[in-house]
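Computed over heavy atoms, backbone and side chain alike; hydrogens, waters and symmetry mates excluded.
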Amino acid sequence: MSPPGLTRGLTPDLSEVYVAPGGRIRQSDIETVRDRTDIVQLISEYIPLKKSGRQFRGPCPFHKEKDPSFYVDPSKAVFHCFGCKVGGNAFDFVMKADGLSFADAVERLADRIGVQLTYEASSEAEMKGRLEKDRLFKLNQTSADYYHYLLKETEGAGGARDYLSGRGFESRIIDEFKLGFAPPGWENLAGFLGKKGFAEKDIVTVGLARERSGGQGRGIYDIFRNRVVFPIMDHRGRVVAFGGRKLPGQSSADEPKYLNSPETPIYRKGHTLYGYYQARQAISEARRAVVVEGYTDLLALRQAGIAEVVATLGTALTENHFDLLARVCDNVYLAFDADRAGTDAARRALEFWNRFRMEVFVVSLPEGEDPASLVEKGGAGAFAGHMGAAENLLDFSVKKIIEGCDTTTPMGRQRAMAACAPVIARVSADEFMPVRNDLVRKVGGMLDMPEETVQVYMRQAAKPRASSGAAERRPEGARAAGMWDKVENEALQVLLHDPNSLHEQMYLDSDYFTDAGNKKIFEMLKEFPAGDEEGLQAEFDSFVRGMLERLDDTLRGKVTRLLVEAPPEGSPGYENKVFETLKLNFFKREKQQLEIEVSKVNPRLEPKKYEALCARLLEIQQVIREQFPFDRD
């Protein structure tokens, strides 16, 4: 092996990440990449697809299913799963499958099809920030190469190699995670980086060195000395920070066992998971992730063959961590130490329990054990056994709460119930009914309380606030609301497929739609500029694919479903009937609302108001009779 720069392993060449430092990807380039990507060919690289009519069908890569419900429409260049309701364009697929940001997905697909991206000029401050980050990424990568070379090739790293060998870490793990060695001495890394042209202030900024006492001008010294070094990569494989473990037998009692990089312009603990870059593909394939607390726990599980594992970095799990995992998996297993700190860390995950479409489980380890010690003694099977017995996070949380209370007395059980109530309240919404009923039953059983009593505590903790006007907004009930939604979906489906119909219906008001999401989709469709008939459909399809990028997950899934489900080939006049019914529903809602308002007014006390409302009601009734003679209600 030659000295640094040497092999990069999994780490990309940073010079290829941005064509021009600073700025956003040019919009026209984004459109070019989107339109030139063959979505069928792209998705076929991840899952097998089979022709099904005008579309392609296959097993969904985002959830487990018996029968394939994942469809790709080559003409619209979109995908949709009817099982998990996920859908989108090529960018959306790569973002979810590989856990990438939008910009990363554009760059990935641009590189795949050979499109050269350009970046629009930014402000001077933005460009300066980008240039600084690029310098720091390059500095960290050079440092990681240096440490890795020393571990692999120098005699002085014998103790570090013995430590790693004693932990059972093979060469493949050392290379995959680019483990390294920081030698004794105060200026090894600082001197090496200085010769490579890196500025002292940048070395200090990334946390690899400190200024000597006395201020600037007196030089810097290395932070990591005589330690095994763990480079920390972000989700794109760029080295953003480092961790260092003191070697066994060192005499410096004042030195902590572990040293970790501080937060820097390119590193935030709450946004980074150790090993995520290496584990992303395995997590996506297994649709689950195991979360541990330290470097060696993670490496021990990887060594044992458990690939879908990541580690927190000296901080509790954050919403950003869950967001990162939610891109690529459905189930998360928290395998923290069995001590109080590990238990508390698991329970803190409750804060984000219902914000992401993931099941969270807690792996309970034997007292005094951690994931590394467990697999070192019993192999992957020992850990798998505990994973198989993992508890749902909600069950685990209420169990721990109850275990911490004196439940031998009625007052103690009441206190335990009050402490459990906020946990149960997290599933008080109707969408969680099966989970809620199961949890209520379990808590009632543990505390010897009737389920009705548990539900009372839950409702008090949830403090639901029903809108007093809810009944007035939909006075005709759920049946009519369901019909409205059906017609609105049919109308949107026609508009999403046919730019000519969209042009004809441009006069429609968004108030014809009752659902806020439907209104948003319609308003966005109206932004499509009318063009020449030649090439109009292709331009419109491209516009819709771009529109998907501006929608949230729920609305994106709805639009792709309507795109994949072609409008029914009904009788002549089908489309006109759909839009006539859409307008009729609007006037019926107006009529019903006026009838409610009339019923609330006393004609003797407020004669003018009563007359005005009645006049408006008669006007609406006349419009319905004249414009919609087919209506028989």
Side-chain angles (χ1 to χ4, degrees), residues 425 428-431 433 455-456 459-496 501-527 551-552 554-555 558 562 573-633:
S428 60
D430 288 344
E431 62 183 301
M433 185 180 294
Q455 290 171 345
V456 168
R459 286 193 290 269
Q460 289 175 341
K463 295 181 180 177
R465 297 178 181 177
S467 171
S468 60
E472 293 181 14
R473 285 195 298 272
R474 290 199 168 183
E476 61 300 311
R479 182 180 176 185
M483 290 300 296
W484 298 345
D485 196 51
K486 179 178 181 294
V487 173
E488 290 176 22
N489 285 338
E490 290 174 349
L492 288 177
Q493 192 171 44
V494 170
L495 298 177
L496 283 163
S501 290
L502 175 63
H503 179 66
E504 293 171 2
Q505 304 298 336
M506 278 291 188
Y507 69 91
L508 286 178
D509 193 286
S510 60
D511 283 342
Y512 284 5
F513 295 87
T514 58
D515 180 79
N518 292 342
K519 287 184 180 183
K520 183 173 183 178
I521 293 169
F522 178 64
E523 289 293 343
M524 292 174 73
L525 282 172
K526 288 172 71 173
E527 296 172 11
L551 296 170
D552 61 28
T554 301
L555 293 184
K558 178 169 190 170
L562 295 174
Y574 163 76
E575 293 180 4
N576 288 336
K577 181 69 177 296
V578 167
F579 291 107
E580 286 296 300
T581 305
L582 183 71
K583 288 182 281 184
L584 171 61
N585 288 344
F586 169 77
F587 285 109
K588 280 188 172 182
R589 289 193 297 273
E590 288 281 295
K591 172 177 169 284
Q592 290 162 347
Q593 185 61 42
L594 282 168
E595 287 172 343
I596 291 173
E597 292 181 24
V598 168
S599 68
K600 290 181 177 180
V601 177
N602 188 321
R604 294 182 179 178
L605 297 179
E606 299 177 280
K608 290 185 178 180
K609 182 177 181 180
Y610 182 79
E611 290 174 5
L613 288 172
C614 287
R616 176 61 180 156
L617 179 58
L618 289 172
E619 183 182 342
I620 293 291
Q621 289 171 334
Q622 184 176 357
V623 168
I624 292 174
R625 281 195 304 271
E626 293 178 355
Q627 295 189 18
F628 308 100
F630 59 86
D631 179 55
R632 298 182 180 180
D633 290 347

Nearest 0.5 Å, what's the [atom1]-[atom2] distance between [X] and [Y]?
X      : Y      : atom1 : atom2 : result
Leu495 : Glu504 : CG    : CD    : 10.0 Å
Leu492 : Asn518 : CG    : CG    : 5.0 Å
Phe587 : Leu582 : CZ    : CG    : 11.0 Å
Asn585 : Thr514 : CG    : OG1   : 8.5 Å
Ser510 : Leu525 : OG    : CG    : 12.0 Å
Gln627 : Gln622 : CD    : CD    : 10.0 Å

(request) May I have the step-by-step check of side chain to side chain contact (heavy atoms under 4.5 Å, CB included) for Leu502 and Met506, ending in yes or no? (result) CA-CA 6 Å; Leu502 175 63; Met506 278 291 188; 4.0 Å; yes
(message) Are there over 12 heavy-atom neighbours, none belonging to Tyr610, within less than 6.0 Å of that residue's OH?
(response) no
(request) Could you tell me whether a side-chain N or O of Lys526 sits under 3.5 Å from a main-chain N or O of Leu508, the two making a donor and an acceptor? (result) yes
(request) Determine yes or no for a side-chain-to-main-chain donor-acceptor pair under 3.5 angstrom, with Asp509 supplying the side chain and Tyr512 the backbone. (result) no
(request) For the pair Lys600 and Glu597, find out whether any cationic side-chain nitrogen is under 4.0 Å from an anionic carboxylate oxygen. (result) no
(message) Looking at Lys577 and Glu580, is any side-chain nitrogen of the basic one under 4.0 Å from a carboxylate oxygen of the acidic one?
(response) no
(request) Among Lys591, Gln593, Gln592, find the residue that satisfies the side chain to side chain donor-acceptor pair (under 3.5 Å) test when tested with Glu595. (result) Lys591
(request) Determine, step by step, whether Glu488 and Phe522 satisfy the side chain to side chain contact (heavy atoms under 4.5 Å, CB included) criterion, reporting the C-alpha distance in whole Å, the side-chain angles of both residues, the deciding distance to 0.1 Å, and the verdict. (result) CA-CA 10 Å; Glu488 290 176 22; Phe522 178 64; over 6 Å; no
(request) Please lay out, stage by stage, how Ile620 and Ile624 fare under the test side chain to side chain contact (heavy atoms under 4.5 Å, CB included). (result) CA-CA 6 Å; Ile620 293 291; Ile624 292 174; 4.1 Å; yes
Identify the two heavy atoms, one from [X] and one from [Y], that lie closest to each other, and give their separation to 0.1 Å.
X      : Y      : result
Leu613 : Leu594 : CD2-CD2, 3.9 Å
Ser501 : Glu575 : OG-OE1, 2.9 Å
Asp515 : Gly517 : OD2-N, 2.9 Å

(request) Verify side chain to side chain contact (heavy atoms under 4.5 Å, CB included) between Leu551 and Met524, making sure each step is shown before the conclusion. (result) CA-CA 10 Å; Leu551 296 170; Met524 292 174 73; 3.4 Å; yes
(message) Taking the side chain as everything from C-beta on, heavy atoms only, tell me whether Ile521 gets closer than 4.5 Å to Phe513.
(response) no
